[in-house]
Participant: 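Here's a structure for you.
Throughout, residue positions are numbered sequentially from 1 according to the sequence presented.
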Amino acid sequence: MNFFADCTALITGASSGLGEEFARQLAPWARSLILVARRQDRLESLRGQLLEAHPSLQVLIRQADLEVEAERVALSAWIAAHAPGVDILINNAGRGDHGEFASGDWNRVRAMLDINIGCLTHLVLLLLPHLEKSRRAALLNVSSVAGFFPLPGMAVYSATKAYVTAFSEALGMELRPRGISVTALCPGPIPTEFFVIAEREAGRVPHYQTMPVFVVTPQEAVRAGLRAVAAGRARVVPGPVLAVAVGAALLVPFAITRWVLKNFAPKL
Ligand SMILES: NC(=O)c1ccc[n+]([C@@H]2O[C@H](COP(=O)([O-])OP(=O)(O)OC[C@H]3O[C@@H](n4cnc5c(N)ncnc54)[C@H](OP(=O)(O)O)[C@@H]3O)[C@@H](O)[C@H]2O)c1
């Protein structure tokens with residue numbers, strides 16, 4: 001993927017799952033990776049592994065709780081002082097919450113709104129000046145297929161991802177004349193820690209296991225996302241089965257989609 005040759009990429013949520021995989025797949029190409037998350041030990045361990053495999057790579061790590069506005073501002077100032085610019089911003093940090101909205105916990109809901117929407121939007125604004133200085137700037141927002149469908153049992157999560165996809169599409173149209181591409185990665189279920197964190201009760205079977213046909217690996221999802229960025233695509237749904245299913249579902253009148261979701265969404 002020549003597009004990423006010698007780039008500096010900032011990846012949020014790099015301590016696990018897709019974020020960690022973005023770092024692994026970009027490492028052979030990039031000049032510098034900036035890895036951000038709360039769990040510093042995970043970031044340090046990943047940095048060690050990346051440097052062992054790619055000794056000429058520069059890996060900067062920054063521990064930050066990105067739900068907190070002041071920490072996002074501090075991250076931006078730290079980048080201005082310590083990083084060699086930013087060509088690619090991968091807005092990946094996020095979380096879910098699985099269960100009926102009525103029995104939800106406000107702290108979990110607020111954390112999800114803050115990280116999935118507030119953080120993603122604010123980081124774009126903070127880092128745009130860096131992207132504008134780059135010769136091949138790109139922004140990848142990790143959304144979800146949940147953003148296309150209002151999912152009972154993940155009502156707030158699917159609404160946050162509807163925001164991410166809509167925001168990315170409109171922003172892409174605004175930024176293209178400035179030479180910055182915007183891509184929304186819209187995966188279906190991927191086995192990561194996401195499902196452990198999204199479950200309210202420890203030990204529940206992750207609900208993605210009820211739809212195995214749509215599951216893709218983190219490697220497949222990240223590869224599809226990076227290829228879409230390199231091609232300047234506005235959005236991508238990884239996995240051929242899911243891509244066809246989503247494409248078909250979006251052609252159907254919404255009344256039918258609502259009926260299907262009401263009657264066939266996985267039980268809570
Ligand atoms: N897995 C799926 O099925 C799936 C499907 C569609 C979309 N997605 C999206 O993919 C993205 C990555 O999820 P994943 O599956 O890789 O889940 P994951 O393994 O749980 O990773 C989430 C990452 O976000 C970081 N994060 C969460 N809250 C943070 C905060 N307050 N500050 C800084 N970093 C924070 C976590 O790091 P720390 O905990 O160390 O801070 C972690 O690195 C999310 O946006 C998710 O919505 C996932």
Participant: Answer yes or no: is there a side-chain heavy-atom contact under 4.5 Å between Cys186 and Ser144?
Facilitator: no
Participant: Tell me, do Leu128 and Ile180 make a side-chain contact under 4.5 Å, heavy atoms counted?
Facilitator: yes
Participant: Under 6.0 Å from the CZ atom of Arg227, do we count more than 12 heavy atoms belonging to anything else shown?
Facilitator: no
Participant: Has the side chain of Ser158 got a donor or acceptor atom that lies under 3.5 Å from a matching backbone atom of Leu151?
Facilitator: yes
Participant: Counting only heavy atoms from other residues, nucleotides and ligands, does the tally under 6.0 Å from CZ of Phe101 exceed 12?
Facilitator: no
Participant: Report the C-alpha separation of Phe3 and Ile88 in whole Å, then their side-chain angles, then the decisive distance to 0.1 Å, and conclude whether the side-chain contact (heavy atoms from CB on, under 4.5 Å) test is met.
Facilitator: CA-CA 10 Å; Phe3 179 86; Ile88 318 285; 3.8 Å; yes
Participant: If hydrophobic clusters are built from ILVMFWY residues whose side chains come within less than 4.5 Å, do Trp106 and Tyr157 share one?
Facilitator: yes
Participant: Pairing donors with acceptors under 3.5 angstrom, does anything connect the side chains of Glu169 and Thr165?
Facilitator: no
Participant: Under a 4.0 Å N-O cut-off, is there an ion pair linking Glu44 with Arg39?
Facilitator: no
Participant: Below 4.5 Å, heavy atoms only, C-beta onward: do Leu242 and Val216 meet side chain to side chain?
Facilitator: no
Participant: Under a 3.5 Å cutoff, is there a donor and acceptor pairing between the side chains of Thr12 and Asn92?
Facilitator: no
Participant: Say whether, by atom type as modelled, one donor and one acceptor occur between the side chain of Arg108 and the main chain of Ala198 under 3.5 angstrom.
Facilitator: yes
Participant: Is it true that Phe254 and Phe149 have ring centroids separated by less than 6.0 Å?
Facilitator: no
Participant: Evaluate the side-chain proximity of Leu120 to Asn116: yes if any heavy-atom separation is below 4.5 Å, no if none is.
Facilitator: no
Participant: Would a 4.5 Å heavy-atom cut-off, applied to side chains only, mark Val73 and His122 as touching?
Facilitator: yes
Participant: Can you list the residues that meet the side chain to side chain contact (heavy atoms under 4.5 Å, CB included) rule with Asp65, with sequence neighbours excluded?
Facilitator: Arg38, Glu67, Val68, Glu71
Participant: After noting the C-alpha distance and the side-chain angles of Arg42 and Glu193, does the key distance pass the salt bridge (charged side-chain N to carboxylate O under 4.0 Å, His left out) rule?
Facilitator: CA-CA 13 Å; Arg42 295 269 199 115; Glu193 290 173 22; 2.8 Å; yes
Participant: Less than 6.0 Å separating the ring centroids of Trp259 and Phe264?
Facilitator: yes
Participant: Is the closest side-chain heavy-atom distance between Ile190 and Thr217 below 4.5 Å?
Facilitator: no
Participant: Any side-chain heavy atom of Ile90 within less than 4.5 Å of one from Leu10?
Facilitator: no
Participant: Given Arg235 and Ser143, is the side-chain hydrogen bond (donor to acceptor under 3.5 Å, both in side chains) satisfied, shown in steps?
Facilitator: CA-CA 9 Å; Arg235 68 166 78 160; Ser143 186; over 6 Å; no
Participant: Is Gln25 reaching over with its side chain to a backbone N or O of Gln219, donor-acceptor style, under 3.5 angstrom?
Facilitator: yes
Participant: Test of understanding: with side chain to side chain contact (heavy atoms under 4.5 Å, CB included), list the residues that count as partners of Thr121, not counting sequence neighbours.
Facilitator: Ile117, Tyr163, Phe167
Participant: Taking the side chain from His82 and the backbone from Trp78, do they hold a donor-acceptor pair closer than 3.5 Å?
Facilitator: yes
Participant: Given side chains that start at C-beta, do those of Thr192 and Ser16 come closer than 4.5 Å, heavy atoms only?
Facilitator: no
Participant: I'd like to check the side chain to side chain contact (heavy atoms under 4.5 Å, CB included) partners of Arg176; sequence neighbours left out, ordered by chain and number.
Facilitator: Ser181
Participant: Backbone N or O of Leu66 within a donor-acceptor pair of the Arg72 side chain at under 3.5 Å?
Facilitator: yes
Participant: How about Arg24 and Gln49: does a side-chain donor come under 3.5 Å of a side-chain acceptor?
Facilitator: yes
Participant: Taking the side chain from Asn141 and the backbone from Ala184, do they hold a donor-acceptor pair closer than 3.5 Å?
Facilitator: no
